[in-house]
Trainee: 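There's a structure below that I have some questions on.
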2 protein chains.
Amino acid sequence: MNKVKKQLESYREQFREREYKMTPQRRLILQTLLENKEQHLSAEELHALLKEKDSEIGLATVYRTLELMEDLSIVHKLNFGDGRSRYELCQPHAEHQHHHLVCLRCNRILEVKEDLLQQLETLIEREHGFQIFDHRVSFYGYCSDCQKGGTTGEDANE
Amino acid sequence: MNKVKKQLESYREQFREREYKMTPQRRLILQTLLENKEQHLSAEELHALLKEKDSEIGLATVYRTLELMEDLSIVHKLNFGDGRSRYELCQPHAEHQHHHLVCLRCNRILEVKEDLLQQLETLIEREHGFQIFDHRVSFYGYCSDCQKGGTTGEDANE
DNA sequence: TTATCTGCAAAGAATTTGCAGATAT
DNA sequence: ATATCTGCAAATTCTTTGCAGATAA
């Protein structure tokens, strides 16, 4: 998996540009995020994963690193209304982030690649004179599994 | 302002259907939300407004009432990434909520009436078999004032 | 070398909960 | 009458901060 190494090298460069140091802790956090790309981890979940790797990274460091990387546009901070912030790696080459589908029954979070908000953005920029840099879109409903399923449904979280 | 009274009566009915009681505290909270429709209040801000009216409603009651009203689909819980939840009354007759424009410089939150997500929703329902009930959309950028203004810009919050 | 970074523990902020008395229906 | 609701204070949970020693560049 040379791809991961290359990606880490690219992040190191982003750090250097802003005079931030690439420490073992930061590297391991990035590595873990790369290994869990599809996950939307919270700070505590990430911290738990790091512990499994026998690292002694403190929770405060995890928070500080995530904040820093959000500032560097390496991660996006997300909120799905469950009382904690969640994070995901930015897609380096995507014009915009994808959208999230939050299942109201099993709480799974699915993703959609399609953007299709260009039309709406153009309208907003024209009508409201608001210059858009990014957007966050979540759809709430029932995933296909939960539409079939009985009344209970498994809960993906806790 | 007979309109407000009518609206309160309608909320009372929603409460009754679920066997919740309409207490003076709940009525005053609803009234205050109606008087601040365009505001996106946090629980503490709402609590402060209630205090100005010489009511002795406890903060815990405010939280409990907001939770209850979210469950009744009377209010929407919103998150703009400022570390606290914010609430707004649902638009009773709107198919969907409007969208929010979050200015990254002055932190003002503007609104757009246009929905225009139907096309995207149709695509998602078809391609992903995901049955959509609602969506939350926020756009991040610079409002028209902040595009003109200097480098500082006033901060609408704190 | 030296400014930045880390871990720890303590602090802070938002939200929730337990309980005993009060109150809508 | 009684199940629900309220206010208070304490408890929880998530996140941030101060500090002294450690470390990347």
Side-chain angles (χ1 to χ4, degrees), chain A residues 8-9 11-30 32 40-51 53-72 74-75 77-87 157-158, chain B residues 8-9 11-30 32 40-51 53-72 74-75 77-87 157-158:
Chain A
L8 285 173
E9 206 41 55
Y11 289 134
R12 182 199 206 99
E13 188 50 41
Q14 292 184 63
F15 275 62
R16 183 149 37 202
E17 279 170 23
R18 295 277 294 272
E19 319 231 290
Y20 292 129
K21 293 172 181 174
M22 178 56 87
T23 65
Q25 290 88 340
R26 289 173 180 177
R27 196 188 335 273
L28 192 59
I29 287 173
L30 279 166
T32 307
H40 315 106
L41 297 169
S42 68
E44 296 229 46
E45 286 166 356
L46 177 53
H47 185 234
L49 285 176
L50 294 166
K51 235 181 212 154
K53 299 189 176 194
D54 294 318
S55 79
E56 303 279 290
I57 302 181
L59 184 54
T61 300
V62 173
Y63 274 107
R64 278 185 289 227
T65 303
L66 287 169
E67 189 191 8
L68 182 115
M69 298 198 309
E70 203 207 350
D71 189 48
L72 288 176
I74 291 175
V75 300
K77 192 177 185 175
L78 305 169
N79 187 294
F80 297 118
D82 62 348
R84 72 212 66 186
S85 294
R86 295 180 170 279
Y87 300 83
N157 290 319
E158 56 233 67
Chain B
L8 285 173
E9 206 41 56
Y11 288 135
R12 182 198 206 98
E13 188 50 41
Q14 292 184 62
F15 275 61
R16 183 148 36 202
E17 278 170 24
R18 295 275 295 272
E19 319 232 288
Y20 293 130
K21 293 172 179 173
M22 179 55 88
T23 65
Q25 290 88 340
R26 289 173 180 177
R27 196 186 337 272
L28 191 59
I29 286 173
L30 279 166
T32 307
H40 314 106
L41 297 170
S42 68
E44 297 229 46
E45 286 165 358
L46 177 53
H47 185 235
L49 285 176
L50 294 166
K51 234 181 212 154
K53 299 189 174 190
D54 294 317
S55 79
E56 302 279 290
I57 302 181
L59 184 53
T61 300
V62 173
Y63 274 107
R64 277 186 287 227
T65 303
L66 287 170
E67 189 192 7
L68 182 114
M69 298 198 308
E70 204 207 349
D71 189 47
L72 288 176
I74 290 175
V75 299
K77 192 176 186 176
L78 304 169
N79 187 292
F80 297 119
D82 63 348
R84 74 212 66 187
S85 294
R86 296 181 169 278
Y87 300 83
N157 291 320
E158 53 234 65

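So you know, we letter chains A, B, ... as the sequences are listed, proteins then strands, and number each from 1. Note that this is a predicted model, so its numbers are computed, not measured.
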Trainee: For B/Leu41 and C/dA14, what is the distance between atoms CG and P respectively, to the nearest whole Å?
Mentor: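 After rounding, the gap between these two atoms is 15 Å.
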
Trainee: Considering only side-chain heavy atoms of B/Leu59, which listed nucleotide, C/dT6, C/dT15, D/dT15, is closest?
Mentor: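 Nearest nucleotide to the side chain: C/dT15.
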
Trainee: For the pair made of CZ in B/Phe15 and P in C/dT23, what is the distance, rounded to whole Å?
Mentor: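 Between P of C/dT23 and CZ of B/Phe15: 19 Å.
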
Trainee: Using every non-hydrogen atom in the two residues, find where B/Thr32 and B/Leu28 come nearest and quote the distance to one decimal.
Mentor: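 Closest approach of B/Thr32 to B/Leu28: OG1-O, 2.7 Å.
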
Trainee: Kindly state whether the ring of A/His40 and the ring of A/Phe80 have centres lying under 6.0 angstrom apart.
Mentor: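 Yes.
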
Trainee: Using OP1 and OP2 only, check whether a side-chain N or O of A/Ser85 sits under 4.0 Å from D/dC14.
Mentor: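 Checking A/Ser85 against D/dC14: no side-chain N or O falls below 4.0 Å of OP1 or OP2.
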
Trainee: State, to 0.1 Å, how close B/Val62 and B/Ala43 come at their nearest heavy-atom pair, and which atoms those are.
Mentor: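 Scanning both residues completely, I find the closest heavy atoms to be CG1-O, 3.8 Å.
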
Trainee: Between B/Tyr87 and A/Glu56, which has a closest nucleotide on DNA chain C that is more 5'?
Mentor: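 Of the two residues, A/Glu56 wins.
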
Trainee: B/Met69 versus B/Ile29: any side-chain heavy-atom pair under 4.5 Å?
Mentor: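 With C-beta onward as the side chain, the pair touches.
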
Trainee: OP1 or OP2 of D/dT6 less than 4.0 angstrom from a side-chain nitrogen or oxygen of B/Thr23, does that happen here?
Mentor: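 Answer yes for this pair, as a side-chain N or O of B/Thr23 is under 4.0 Å from OP1 or OP2.
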
Trainee: Between D/dA25 atom P and A/Glu17 atom CD, what is the distance in whole Å?
Mentor: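 About 14 Å, once rounded to whole Å.
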
Trainee: Nearest whole angstrom, please: distance from the P of C/dC5 to the CD of A/Glu67.
Mentor: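 Taking CD of A/Glu67 and P of C/dC5, I get 12 Å after rounding.
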
Trainee: What residues form a ring pair (Phe, Tyr, Trp, His ring centres under 6.0 Å) with B/Tyr11, not counting sequence neighbours?
Mentor: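 With neighbours one apart ignored, the set is empty.
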
Trainee: Whole-Å distance between C/dT16 P and B/Asp71 CG?
Mentor: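 Going from CG in B/Asp71 over to P in C/dT16 covers 13 Å.
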
Trainee: Nearest whole angstrom, please: distance from the P of C/dT4 to the CD of A/Glu19.
Mentor: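 Value for this atom pair: 8 Å.
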
Trainee: For the helix from C/dT1-D/dA25 to C/dT25-D/dA1, what is the angle between the axes at its two ends, each from 5 pairs, rounded to 10°?
Mentor: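 Computed from the C1' atoms at both ends, the axes differ by 50°.
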
Trainee: Are OP1 or OP2 of C/dT6 and a side-chain N or O of A/Arg26 less than 4.0 angstrom apart?
Mentor: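 Yes.
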
Trainee: Atom CD of B/Glu44 and atom P of C/dG12: how far apart are they, to the nearest Å?
Mentor: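 Taking atom P of C/dG12 as the reference, CD of B/Glu44 is at 15 Å.
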
Trainee: Among pairs that include at least one residue of residues 53-67 of chain B, which meet salt bridge (charged side-chain N to carboxylate O under 4.0 Å, His left out), considering only residues two or more places apart or in two chains?
Mentor: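 Listed once each, the pairs are B/Glu35-B/Lys53.
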
Trainee: With a 4.0 Å cutoff (strictly under), does any side-chain N or O of B/Ser42 reach OP1 or OP2 of C/dA14?
Mentor: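 Indeed not, no polar side-chain atom of B/Ser42 lies that close.
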
Trainee: Of the nucleotides D/dC14, D/dT15, C/dA14, which one has an atom closest to the side chain of B/Arg84?
Mentor: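 For B/Arg84, the side-chain atoms sit closest to C/dA14.
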
Trainee: Using the side-chain heavy atoms of B/Tyr63, tell me which of these nucleotides is nearest: D/dT15, C/dA14, D/dT6.
Mentor: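 The answer is C/dA14, which lies nearest to the side chain.
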
Trainee: Nearest whole angstrom, please: distance from the C1' of C/dC5 to the CG of A/Leu28.
Mentor: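 After rounding, the gap between these two atoms is 16 Å.
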
Trainee: Think B/Gln25 has a side-chain N or O under 4.0 angstrom from the OP1 or OP2 of D/dG7?
Mentor: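 Yes.
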
Trainee: Between D/dA25 and A/Arg12, is there an OP1 or OP2 to side-chain N/O distance shorter than 4.0 Å?
Mentor: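 Checking A/Arg12 against D/dA25: at least one side-chain N or O falls below 4.0 Å of OP1 or OP2.
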
Trainee: Who pairs with B/Lys77 by side-chain contact (heavy atoms from CB on, under 4.5 Å), at least two apart in sequence or on another chain?
Mentor: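 Listed in chain order: B/Glu70, B/Ser85, B/Tyr87.
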
Trainee: Scan the side chains in residues 12-22 of chain B for donor-acceptor partners under 3.5 Å anywhere in the protein, sequence neighbours excluded, and list what turns up.
Mentor:
residue, atom, partner, partner atom, Å
B/Glu13, OE1, B/Arg16, NH2, 3.2
B/Arg18, NH2, B/Asp71, OD2, 2.6

Trainee: Between B/Glu45 and B/Arg84, does any NZ, NE, NH1 or NH2 come within less than 4.0 Å of an OD or OE carboxylate oxygen?
Mentor: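 B/Glu45 and B/Arg84: not salt-bridged.
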
Trainee: Please list each protein N or O that sits under 3.5 Å from an N or O in nucleotides 18-23 of chain D, with the distance.
Mentor:
residue, atom, partner, partner atom, Å
D/dG18, O6, A/Arg64, NH1, 3.3

